[in-house]
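Scope of the values below: all heavy atoms of this structure, side chains included, with no hydrogens, waters or symmetry mates. Start at 1 with the first residue, then count along the sequence. Whatever order the structure lists them in is the order used to number ligands and atoms, beginning at 1.
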Amino acid sequence: MISTSTTTPISTYQLVPFLMAPNFHSHSLLLLPLLLCLPSHTTASARCPALIVFGDSTVDAGNNNQIRTLLKSNFPPYGRDLPERRPTGRFCNGRLATDFISEALGLPPLVPAYLDLDYTIADFVKGVSFASAGTGLDNATSDVLNVIPLWKEVEYFKEYQARLRRHVGETQAQHIVSEAVYMVSIGTNDFLENYYILVTGRHRQFTVGGFQDFLLDRAAEFLTAIYRLGARKVAFVGLAPIGCLPLERTANLLKGGRCIDEYNKAARGFNVKLQALIQRLNAKLPELRLRYAPVYDGLLRIIQSPSSYGIENVKRGCCASGRFEMSYLCAKWSPFNNACPDADKYVFWDSFHPTEKINRLIAEQTLNSSLSEMM
Ligand SMILES: *[C@@H]1O[C@H](CO)[C@@H](O)[C@H](O)[C@H]1NC(C)=O
Ligand SMILES: *[C@@H]1O[C@H](CO)[C@@H](O)[C@H](O)[C@H]1NC(C)=O
């Protein structure tokens with residue numbers, strides 16, 4: 001386990017409501033999920049024994065370290081604000097939203113990656129991430145950068161359950177699987193690494209609307225699969241304003257580096273349809289508590305009024321030039337390296353991924369909304 005002595009835990013005193021002025025402390029809003037899952041209450045701890053994560057780089061805690069892909073981040077300056085400045089394979093200077101959520105649920109402060117050799121099933125009892133940077137809902141997306149497809153994440157989940165049964169016994173394993181909180185964060189790469197960069201041909205096969213429907217059919221298959229495997233409390237994260245990622249602004253330099261409206265519109269359309277799908281699945285699958293976790297408006301608000309969050313730069317990532325670098329191009333030994341001194345002044349850590357500060361805000365909002373409804 002990684003020492004957590006230097007991390008700042010989310011306490012109720014520090015929870016800054018995401019969409020409000022940064023100095024406005026509202027304890028009651030976020031106390032609900034915390035109380036329901038406080039580890040000191042035996043009944044409460046039983047209510048959320050684990051946090052189980054599926055998705056892409058927004059929630060990959062290091063699975064890509066173990067596979068043959070160029071999309072990695074297990075080298076400095078990634079992880080420089082983690083304890084021991086350890087680059088774990090998280091695409092961030094520090095912790096991910098799921099790490100903050102885990103801690104707030106009374107679980108460990110870092111959700112371990114399933115393929116990380118430093119962890120065993122004993123650690124995964126309280127949570128695990130099957131996520132892989134670069135993956136998507138569409139099988140074609142994971143092929144682009146040779147990462148773990150979503151169906152394979154589900155295979156790992158099955159394997160995990162078998163290991164869990166051997167480790168804690170049938171009854172306890174069943175309890176963990178049915179009471180765990182599940183977080184799913186995926187979909188950005190289907191648009192930005194697949195549809196809009198034209199490598200897979202999906203843009204010829206589908207209109208944007210048709211592609212959204214195709215992706216949501218895949219999401220429905222995935223959600224039904226994990227439901228059949230026992231998942232009940234599931235939060236599905238909506239898409240962010242993906243046209244405002246620094247890499248997309250760079251692609252839009254001819255128009256002054258503004259956000260790409262077309263991409264943001266595709267994300268909003270996807271989110272509307274996702275919410276309808278979530279309603280349908282909740283009606284169809286007994287005992288499912290599937291919730292939508294919105295991030296679009298909150299993130300856009302920060303991008304539009306950064307100073308109220310103490311943020312100075314919304315257009316570029318903190319690492320290197322901030323315009324296009326991520327993964328190896330951000331590496332300490334890369335010719336581009338020149339990371340900013342204080343990532344808290346940035347929305348984005350690299351050209352594609354938010355800083356720890358933003359991940360913390362996303363976690364707080366998710367705890368307040370979808371997760372508090374689910375408990
Ligand atoms: C938290 O949830 C409450 C009730 O749904 C809502 O009124 C409030 O605006 C939310 N606050 C944040 C920061 O998300
Ligand atoms: C994606 O790939 C998996 C594994 O090969 C396959 O089972 C699944 O049907 C594929 N999905 C689609 C929509 O083609």
Problem - C340 and C318 SG atoms under 2.5 angstrom apart - result: yes
Problem - Enumerated ligand 2 atoms positioned under 4.0 Å from heavy atoms of W151 - result: 1 (C), 2 (O), 3 (C), 4 (C)
Practice task
Kindly confirm or rule out a cation-pi arrangement of R218 over F214, judged by NZ or CZ under 6.0 Å from the six-membered ring centre and within 45° of its axis?
Solution key: yes
Problem - Test side chain to side chain donor-acceptor pair (under 3.5 Å) applied to D190 and T141, T200, T135, the passing residue - result: T141
Practice task
Specify side chain, backbone, both or neither for R218, according to which of its non-hydrogen atoms lie closer than 4.0 Å to ligand 2.
Solution key: side chain
Exercise for the section: Answer yes or no for atom 7 (O) of ligand 2: protein heavy atom present at a distance under 4.0 Å? Expected result: no
Problem - Which of the ligand 2 atoms, numbered from 1, are nearer than 4.0 Å to a heavy atom of N139 - result: 1 (C), 2 (O), 3 (C), 8 (C), 10 (C), 11 (N), 12 (C), 14 (O)
Problem - Ring-face cation contact, Y227 with R232, 6.0 Å cut, 45° max - result: yes
